[in-house]
Amino acid sequence: MKKSIRVALVHEYLTRLGGAERVLKHLSDIYPKADIFTLLYNQEKVSDTFSVNKVKASFVNTFPNWLKSRVKFLAPLFPSAIESLNLTPYDLIISSSNSFAKGVITKPKAVHVSYCHAPATFLWNAFYSYRKQQRKGWFGNFMILLLTHYLRQWDRQSADRVDYFIANSKLTQARIKKYYRKDSIVIYPPVDVDRLKAKKEHKDYFLIVSQLTQYKNIDIAIEAFNKLGLPLVIIGDGPERKRLEKLAGPNIELKGFLEDDITVKYYENCKAFIFAGSDDFGIAPVEAMAAGKPVLALRDGGALETIIEGKTGEFFDAPIIELLADGVRRITESEYDTKYIRKNAERFSTERFINEIETYINKIIDQKNNDK
């Protein structure tokens, strides 16, 4: 790759540090001189990771905080906001995208690579469940239908602005093909397995590390553990927290958000990890396996690509309390090889991610230069 090439990174929201933001951080490490563009930027939450000097936010970031915290109300503006970002000085654009980031407008000779965490789930595969969760009545549902129809058209058309798609899993790759009619390669996201040590010893509690949102099915796990009477620790925060706290019995602890070094200790000392929802990849189960702990997961999503049934964990077939409880019984009665579980997790290391991304993008740039 030429040293003079100018690189821009694009991401939807820099308002918290989750799995997608960790991917962006590693992309920023690969391209340390790259500017970062985003729709929304929360300096208090992410400035230690993404310096205010490198981040350029869209016009919606100038709105009052009370409005910026209600992202779904801003959705009609996001296509215009992402298109307003001026990327004409840049030769290589890498978008880290769940929805809108891939829609940036670039100069004709620029190369746009989109690392796709998922085609916008609220518009495509999870649309009907999303609409049901809103509970807005007939008029509200009608307005949601109109808005999502408009956004779905824009989302599909904006996919044509991407030159190369990278999918974060085979599941995402299939959805890119289904909804965007685009080919892609799979590069699994980076998991910092080196910060975790595989431990055969454990305490008696089971563990969940997750955002507390409805689609994560944390309520089903709580109901199952209420019936089982087994200790469960839940780390994470989100809009469902108050409801889940009311649901939880005395054997269940909701810890809220914890710093990474504390969360690591919970991974290393748990008996097993519970993953009740469906993600396009799912970093938390891999982190648990890096600590040598088996994972009980819903038989769906990216977990099917990371967990080896009977060797690094078990599956339950549907988000039903009784099935999850039966899975807990099976994982409790089984024996697992800690070293084998750890070895499986190492397939998704940060070093592997960096090498694969650099190799792929350098190949693209070299091909473009040879075609001139």
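Along the sequence shown, the residues carry numbers beginning at 1.
- Taking OG from Ser99 and CG from Asp155, the interatomic distance works out to 7.5 Å, rounded to the nearest 0.5 Å.
- Separation of atoms CD1 (Ile166) and OG1 (Thr172) is listed at 12.5 Å; rounding is to 0.5 Å.
- When side chains are defined from C-beta on, Leu24 counts as touching Ile36, because their heavy atoms get closer than 4.5 Å.
- Every pair passing side-chain hydrogen bond (donor to acceptor under 3.5 Å, both in side chains) that includes a residue from residues 267-294 is listed here, sequence neighbours excluded: Arg175-Asp280, Arg195-Glu287, Lys199-Asn269, Lys216-Asp279, Tyr267-Glu287, Ser278-Asp300.
- Comment: Arg330 engages Glu314 in a salt bridge, judged by a side-chain N to carboxylate O separation of less than 4.0 angstrom.
- When all heavy atoms of Ile357 and Ile187 are compared, the pair lying nearest together is CD1-CD1, 3.9 Å.
- Between Phe316 and Pro319, the shortest heavy-atom distance links the atoms CE1-CA, 4.2 Å.
- Interatomic distance, OG of Ser84 versus CZ of Phe37, reported as 10.5 Å (0.5 Å rounding).
- Counting only residues at least two apart or on different chains, the salt bridge (Lys or Arg N to Asp or Glu O under 4.0 Å) pairs with a member in residues 84-99 are Asp91-Lys107.
- Under the 4.0 Å criterion applied to side-chain N and carboxylate O atoms, Asp35 and Lys54 are not assigned as salt-bridge partners.
- Shortest non-hydrogen contact noted between Ala224 and Leu324 is CB-CD2, 3.8 Å.
- The CG atom of Leu92 lies 9.5 Å from the NE2 atom of His112; values are rounded to the nearest 0.5 Å.
- Between Lys227 and Glu223 no salt bridge is recorded (no basic side-chain N to carboxylate O distance below 4.0 Å).
- Just one of Ser96, Ser95, Ser114, Ser158 meets the side chain to side chain donor-acceptor pair (under 3.5 Å) condition when paired with Lys102; it is Ser158.
- The neighbour count for Glu351 CD, taken as heavy atoms of other residues, nucleotides or ligands under 6.0 Å away, does not exceed 12.
- Between Lys242 and Glu245 there is no salt bridge, since no side-chain nitrogen of the basic residue lies less than 4.0 Å from a carboxylate oxygen of the acidic one.
- Rounded to the nearest 0.5 Å, atoms CD1 (Ile222) and CD1 (Ile274) are 12.0 Å apart.
- The 12-atom threshold is not exceeded at NZ of Lys170, counting heavy atoms of other residues, nucleotides or ligands nearer than 6.0 Å.
- A donor-acceptor pair shorter than 3.5 Å cannot be found between the side chains of Thr49 and Glu21.
- Taking OG1 of Thr312 as the start and CZ of Arg342 as the end, the distance is 14.0 Å to the nearest 0.5 Å.
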